[in-house]
Every structure is written in structure tokens, then in C-alpha cells.
Amino acid sequence: MPDEATITKRRIEACVTQAQMNARNHGGDNATAAADLMCAFVLLSVKSGAKADAARDAMWEHAEAVVADFWPDKTIN
């Protein structure tokens, strides 16, 4: 059975693929897909009681951690 990190990566990759397909089906591109995912993250957070600014900041922190996990040899600006 895959470990927790592998399962998490697969879930994230599935969300990315779905967002890319949806964006392309509606005339968008990968930037559109990324914006859709960011907005979804903030929306879920706000619906759970978080402030939008705090959700955005948390999203960036999570993104940095995920990029470091997926591509440990890359630099994040």
C-alpha cells in the first residue's frame, strides 16, 4: 500500500489534471487552471470560517511545501 505522501501527491495531481481539463474545455490554459485551484482553496477556507487574506497566505505556505516535496532540487522565489 502506498504511503501517505504518495497518496497525497496522487490526490493533488488528480485535482491539477481535472482543473487543466476543465480550463481547456472552457478556453483557458494552465494559468486559468492554477487560478481556479487557488480560488477553490480560498473558497473552501472561507467557508470554514477563515479570512480570505489568511487563506491566501496559508495557500502560499502550503504551495512552497508541496513544491519542495515534489521537486526538492528546485528553488522557490
Side-chain angles (χ1 to χ4, degrees):
M1 179 168 179
D3 64 3
E4 185 69 27
T6 301
I7 293 168
T8 300
K9 287 179 184 180
R10 287 178 182 170
R11 284 195 337 258
I12 292 168
E13 289 170 339
C15 289
V16 169
T17 300
Q18 183 178 15
Q20 287 173 316
M21 290 178 6
N22 188 44
R24 287 189 186 123
N25 287 342
H26 295 280
D29 55 12
N30 283 345
T32 303
D36 290 348
L37 289 171
M38 182 195 70
C39 291
F41 177 90
V42 173
L43 178 62
L44 283 170
S45 298
V46 170
K47 282 186 166 189
S48 298
K51 293 184 178 180
D53 291 349
R56 181 202 60 222
D57 294 344
M59 182 213 43
W60 179 251
E61 290 175 27
H62 287 278
E64 287 180 320
V66 168
V67 169
D69 191 37
F70 271 74
W71 302 284
D73 60 331
K74 300 295 181 190
T75 301
I76 301 173
N77 296 329

Transitive ILVMFWY side-chain link Val46 to Met38, under 4.5 Å: yes
Arg11 CZ to Thr6 OG1 distance, which is reported to the nearest 0.5 Å: 11.5 Å
Closest heavy-atom pair, Asn30 versus Arg24, reported as atoms and distance to 0.1 Å, is OD1-NH2, 3.1 Å
Heavy-atom closest pair (Ala23 atom, Ala33 atom, distance to 0.1 Å) is CB-N, 3.8 Å
On a heavy-atom basis, the closest approach of Arg10 and Pro2 is NH1-CG, 3.4 Å
Roughly how far, to the nearest 0.5 Å, is the CD atom of Glu4 from the NZ atom of Lys9? 12.0 Å
For Gly28 versus Thr32, what's the shortest heavy-atom pair and its separation? CA-OG1, 3.5 Å
Let me confirm one number: the CD-CG distance from Gln18 to Leu37, rounded to the nearest 0.5 Å. 9.0 Å
